[in-house]
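Right, one structure below, let's go through it.
Basis for what follows: all heavy atoms, side chains included, without hydrogens, waters or symmetry-related copies.
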Amino acid sequence: MTNAVSSLQNFLDARLAERRAQQLHRSHKILDSAPGPLALVDGCELVTFSCNDYLGLATHPEVIAAQQRGAELGAGATASHLVNGHFAIHQQLQDKIAEITGREAALLFGSGYMANVGVINALVGRGDHIVQDRLNHASLIDGGRISGARYLRFGHNDIKSLEQQLQRARASGSGNTLVAVDGVYSMDGDTAPLAAIAALCARYDAWLMVDEAHGFGVMGSERFPSAGSVAAAGLSQEQAPIVMGTLGKAAGNGGAFVAGSKQLIDYLTQFARTYIYTTGMPPAVAAGCLKALELMQREPLRETLAARIAYFRARAAALALPLENSTSAIQPLVLGCENTVLAVAEILRERGYLVGAIRPPTVPTGTARLRITLSAVHTESQIDGLLAALREALHRASSPEVSA
Ligand SMILES: *Cc1c(COP(=O)(O)O)cnc(C)c1O
């Protein structure tokens with residue numbers, strides 16, 4: 001081995017050992033079936049409460065058939081959207097997204113991560129300000145850090161703290177200010193106070209960007225029932241000009257979009273580097289997504305999901321489980337310590353249930369949690385089974401001498 005190689009190996013070994021010692025090392029589980037409430041995970045059939053497929057669209061037969069037909073156009077886009085990777089099906093999907101979100105236009109991205117990094121970097125840079133909720137998704141945080149704009153954080157859902165940061169940005173007297181928030185927080189399930197945030201943005205002449213990864217498809221207004229948290233808060237295109245959503249969660253597929261004014265979309269087409277310098281979305285994926293969005297509009301999937309969420313919360317409250325303030329499909333149980341979370345998740349798994357065990361750095365230190373996600377395709381008896389297993393697991397994990 002040359003010195004350079006051994007130094008790399010030493011570095012990797014040391015960092016990995018540190019991760020293991022902190023109980024933060026992670027590995028993959030292998031899925032051997034279609035995803036869904038019943039899945040084969042590492043060879044065991046488990047009831048899963050860990051997907052973001054909130055409406056069950058990932059396995060909907062009409063979506064799969066549309067995606068298979070879409071593949072007849074070719075397996076891949078074969079070029080970036082601006083070279084020759086933009087098909088009619090991409091255009092139709094963008095139009096459908098604009099219709100559902102109530103915006104003039106939309107633009108497809110390869111993933112939500114890329115959309116967030118691309119949008120922030122296209123809009124702000126050196127001399128500007130980027131203001132973010134401290135619990136924002138990693139992709140927004142990374143986008144802000146890369147941009148070179150001055151990075152200001154405010155307390156989670158704390159309007160006063162946001163206003164202080166907007167005052168700081170204004171006092172600096174230069175550049176533009178972009179405020180970026182999650183509409184629904186991915187690890188907490190709570191919703192941003194968007195009407196108040198939009199009002200502050202208007203007062204301070206800041207631009208509002210909302211990440212709808214967990215709102216799109218599952219909440220909205222009467223007029224735009226699947227649009228997301230921005231519509232649920234009653235915000236117009238002018239009040240919430242930059243809406244980002246993903247197609248990998250409620251739409252059950254992959255990819256992402258930004259929706260807004262025609263000028264915003266034209267601008268991002270010219271300046272968002274994560275849009276320009278990457279291969280276009282495979283046309284089959286666009287065909288599957290388009291069908292999924294049609295099903296969102298046509299089928300009462302949102303209503304079924306809402307009923308499952310209400311059922312879970314009522315039963316969990318009756319068992320005195322430590323619920324958070326979330327009415328979304330994301331229902332975390334914050335246990336605090338990594339070891340407890342891992343122990344409870346392991347007992348649940350022995351009992352046939354898969355839930356997310358979420359540890360730092362995904363969430364702040366001391367707030368390790370089980371992340372339970374509900375879907376319209378869960379049955380009430382699957383939810384009952386999870387809750388019974390949870391009660392036992394929490395009891396066993398809190399009295400280790402019994403479980404030993
Ligand atoms: C999942 C997620 C993303 C990233 O979306 P991908 O399409 O999975 O890259 C961005 N923001 C939030 C809030 C998310 O939960």
Side-chain angles (χ1 to χ4, degrees), residues 80-82 103 105-158 161-183 185-187 192 194 197-198 200-214 230 237 239-246 248 255-261 263-278 361-362 364:
S80 67
H81 281 282
L82 286 174
R103 294 298 186 257
L107 191 68
L108 295 173
F109 282 80
S111 72
Y113 191 105
M114 287 168 64
N116 281 340
V117 170
V119 171
I120 293 173
N121 282 272
L123 290 172
V124 291
R126 204 169 272 286
D128 297 319
H129 291 84
I130 171 81
V131 184
Q132 301 206 22
D133 186 290
R134 63 182 285 272
L135 294 189
N136 270 359
H137 190 263
S139 53
L140 288 170
I141 295 170
D142 294 356
R145 297 221 181 285
I146 297 166
S147 72
R150 183 162 171 224
Y151 194 103
L152 299 173
R153 299 202 302 182
F154 62 96
H156 177 54
N157 278 350
D158 183 342
S161 168
L162 169 59
E163 182 156 24
Q164 282 163 3
Q165 298 298 38
L166 289 171
Q167 281 165 350
R168 277 177 74 185
R170 176 186 273 176
S172 86
S174 76
N176 294 309
T177 299
L178 177 65
V179 173
V181 296
D182 284 13
Y185 283 84
S186 53
M187 296 300 143
L194 289 175
I197 292 173
L200 270 186
C201 287
R203 180 136 30 101
Y204 285 87
D205 195 20
W207 306 336
L208 177 58
M209 169 177 187
V210 181
D211 178 333
E212 292 278 25
H214 300 281
V230 163
Q237 179 172 290
Q239 293 167 303
I242 307 151
V243 170
M244 171 274 180
T246 69
F257 64 83
V258 175
S261 69
Q263 296 96 309
L264 175 74
I265 297 312
D266 187 16
Y267 178 86
L268 294 175
T269 306
Q270 314 307 319
F271 295 106
R273 295 171 63 85
T274 60
Y275 177 76
I276 300 164
Y277 298 106
T278 194
T362 306

For the residue pair Tyr275 and His81, categorise the inter-ring angle as parallel (less than 30°), tilted (30 to 60°) or perpendicular (more than 60°). parallel

Going through the checks in order, is the side chain to side chain contact (heavy atoms under 4.5 Å, CB included) test met by Tyr113 and Asp142? CA-CA 9 Å; Tyr113 191 105; Asp142 294 356; 2.5 Å; yes

Considering all heavy atoms, the nearest [X]-[Y] contact:
X: Asn136; Y: Ile141; answer: O-CD1, 3.2 Å
X: Ala105; Y: Ser261; answer: CB-O, 4.5 Å
X: Ala180; Y: Leu140; answer: CB-CD2, 4.2 Å
X: Asp133; Y: Asn157; answer: OD2-N, 2.7 Å
X: Ser161; Y: Gly155; answer: OG-N, 2.8 Å
X: Asp128; Y: Gly175; answer: OD1-CA, 3.3 Å

Could you check Val119 against Met244 for side chain to side chain contact (heavy atoms under 4.5 Å, CB included), going step by step and ending with a plain yes or no? CA-CA 9 Å; Val119 171; Met244 171 274 180; 5.8 Å; no

Of Gln165, Glu163, Arg170, the residue whose pairing with Tyr204 passes side-chain hydrogen bond (donor to acceptor under 3.5 Å, both in side chains): Glu163

Answer yes or no: is there a donor N or O on one side and an acceptor on the other, between the side chain of [X] and the main chain of [Y], under 3.5 Å?
X: Asn121; Y: Ser147; value: yes
X: Glu212; Y: Val230; value: yes
X: Thr177; Y: Ala206; value: no

So, do [X] and [Y] sit near enough that their side-chain heavy atoms are less than 4.5 Å apart?
X: Gln132; Y: Tyr151; value: yes
X: Leu123; Y: Asn176; value: no
X: Leu264; Y: Val258; value: yes
X: Pro364; Y: Arg134; value: yes
X: Ile120; Y: Met209; value: yes
X: Leu208; Y: Pro241; value: yes
X: Phe109; Y: Val117; value: no

Rounded to the nearest 0.5 Å, what separates atom [atom1] in [X] from atom [atom2] in [Y]?
X: Thr278; Y: Met114; atom1: OG1; atom2: CE; result: 3.5 Å
X: Leu162; Y: Leu166; atom1: CG; atom2: CG; result: 4.5 Å
X: Ile197; Y: Phe154; atom1: CD1; atom2: CZ; result: 5.0 Å
X: Ile242; Y: Asn116; atom1: CD1; atom2: CG; result: 11.0 Å

Apply side chain to side chain contact (heavy atoms under 4.5 Å, CB included) to His129 and Leu152, showing your working. CA-CA 7 Å; His129 291 84; Leu152 299 173; 3.8 Å; yes

